[in-house]
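Data first, discussion second: the structure below is written as structure tokens.
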Number of protein chains: 2
Amino acid sequence: MQSYTEENYLKIIYHLSVISNPVQTNAIAEKIQTKAASVTDMLKKLSDKELVDYIKYQGVTLTEKGKLTAINIVRKHRLWEVFLVEKLNFKWDEVHEVAEELEHIKSTLLVERLDEFLEFPKVDPHGDPIPDQHGNFANLSFIKLSKLKTNEKGTITGVSEHSSPFLKHLEKLGLTLGKRVEISEIIDFDGSVELLIDDKKLNISREVAKHILISK
Amino acid sequence: MQSYTEENYLKIIYHLSVISNPVQTNAIAEKIQTKAASVTDMLKKLSDKELVDYIKYQGVTLTEKGKLTAINIVRKHRLWEVFLVEKLNFKWDEVHEVAEELEHIKSTLLVERLDEFLEFPKVDPHGDPIPDQHGNFANLSFIKLSKLKTNEKGTITGVSEHSSPFLKHLEKLGLTLGKRVEISEIIDFDGSVELLIDDKKLNISREVAKHILISK
DNA sequence: TAAAATTTTTAGATTTATCTAAATTTAAAA
DNA sequence: TTTTAAATTTAGATAAATCTAAAAATTTTA
Ligand SMILES: [Mn+2]
Ligand SMILES: [Mn+2]
Ligand SMILES: [Mn+2]
Ligand SMILES: [Mn+2]
């Protein structure tokens, strides 16, 4: 059994290892809002528990056991986010903080029943895939909106930035999941993107376009 | 803001103060499965935070602030129990442990939305009243089944014992909330109670009868 | 490749919630 | 009203998670 704190470390290491493997001490420290020295202490502990492979000064990798634990936390986090949006009418920018707490509730019966109650959702309110009870993800392929060329079309199916200000901004612009968009022009001057959505023209900054994920 | 541990102390003190006021150190220690010395430490801390009035060697009483905090935890506990039974098909003996964890989730938006989603339930799956957001309870009056006399009738509306073995036992006997019962005989020998339920005769021990709550 | 900068680890302290054992206070019994 | 028993508190330790400051290792730059 892992503590609340250990679970958070495993989850962060899991997310960071998508970007770089092995994961570095400072990267974890930044994400978890703590000091590098504290991270080192915890890595030793997780290593003793065989949840990570840790080499001094080199970084850390999840073991199979650690990875499964991490994925289970991600599963719970995303299922709770679906619950909050679908059943309790939370907005997509309001769910993350609460899910950060709910993801640590231990009961496996609860998770499986929740999954069933939500009718086995495949993605969370931000388009992120929800692993099944064995840790398997559906195969989803996204392209950044910023990678699309003029006249290309696609459907918004995810976001790669989860901050409340960003999500509220998208909401206001009507750029929500499931919406069909077409690139009408890419402005040379600043790289900003003009797109057609619901037959209306809309200009978004390149920065925003980078964080919108599209499937065709 | 209170810690998980502080919240548990407040909740236990709240429940114990129904039985005896002020609440004694040893009573808390037993309920919280800890040592008296640890309780003393925590009572000092809660007193510093003005959540309890504490007099050395005399015992402890909740302040208004402490009482409201405690009631809010009870509110969350019971709402989550309703959720687990009504929405996730948990049995009434399976909910308590999970609710012990869920009751500490902080978001007030979550609690209010959950209450709404459940259509503002007045009682939990064990018949215990659910306080509203201001801490007010509906006025419910129960009598112990063991206090009823021969030929008296009533409806099962609560239980005063929440252990899983007891609740499973009642379930098996068909003695669930809402069931109408009539006392057909009280056995002199052992005080056990013979009752009519669904037109069938059933004999239950005095011990069981004491923990079944009836309204007329 | 030697010096500088960055990253990471160690050493030692702190905070929170525990504990055991001993001392103190209060309540009960003789 | 002493004496005894029970309840409670204090003193001092421990474990988990954190911190600061300093030392060590690694990487980058010159
Ligand atoms: Mn999230
Ligand atoms: Mn999400
Ligand atoms: Mn309960
Ligand atoms: Mn209950």
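Remember, it's a predicted structure, so these values are computed and weren't measured experimentally. Each chain gets a letter, A, B and so on, in the order the sequences are listed, and its residues count up from 1. No hydrogens, no waters, no symmetry mates; every other heavy atom, side chains included, goes into these values.
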Distances for protein N/O vs nucleotides 23-29 of chain D N/O pairs under 3.5 angstrom?
{"unit_1": "D:dA25", "atom_1": "O4'", "unit_2": "A:Y57", "atom_2": "OH", "d": "3.4"}

Which of parallel (below 30°), tilted (30 to 60°) and perpendicular (above 60°) describes A:F166 and A:H211? perpendicular

Acceptor/donor pairs from residues 133-147 of chain B side chains to any protein atom, 3.5 angstrom cut, sequence neighbours excluded:
none

Between B:Y9 and C:dT16, is there a side-chain N or O to OP1/OP2 distance below 4.0 Å? no

Which residues in residues 15-38 of chain B have at least one heavy atom lying under 4.0 Å from any atom of DNA chain D? B:Q24, B:T25, B:N26, B:A36, B:A37

Salt-bridge present (A:D132, A:R75; N to O < 4.0 Å): no

Taking A:K216 first and then A:E152, would you say they form a salt bridge - that is, a charged N and a carboxylate O separated by under 4.0 Å? yes

Mind running ring-ring contact (aromatic ring centres under 6.0 Å, His included) on B:H96 and B:H77 for me, showing each step along the way? CA-CA 8 Å; B:H96 182 75; B:H77 182 104; 4.8 Å; yes

What is the distance, to the nearest angstrom, from the CE atom on A:M42 to the P atom on D:dC19? 11 Å

In whole angstroms, the gap separating C1' of C:dT16 from CG of B:N8 amounts to 15 Å

When the distance from CG of A:L46 to P of D:dA16 is rounded to whole Å, what number comes out? 13 Å

So, the side chain of A:S20 versus the backbone of A:V23: is there a donor-acceptor pair under 3.5 Å, distance only? no

Classify B:Y54 by what it touches in the nucleic acid, base, sugar-phosphate, or nothing, heavy-atom distance under 4.0 Å. sugar-phosphate

Note: B:K210-B:E161 ion pair, threshold 4.0 Å (strictly below): no

Using whole Å, what does the distance between atom P of nucleotide C:dT8 and atom CD1 of A:I55 come to? 14 Å

Taking CD from A:Q2 and P from D:dA16, how many angstroms apart are they, rounded to a whole number? 14 Å

May I ask you to decide if B:G191's main-chain N or O and B:R206's side chain share a donor-acceptor pair within less than 3.5 Å? yes

Whole-Å gap separating P (D:dG12) and CG (B:D41): 14 Å

NA contact type, B:T5, heavy-atom cut-off 4.0 Å: base, sugar-phosphate, or nothing? sugar-phosphate

Using the six-membered ring wherever Trp is involved, compare the ring planes of A:F83 and B:W80 and label them parallel, tilted or perpendicular (cut-offs 30° and 60°). tilted

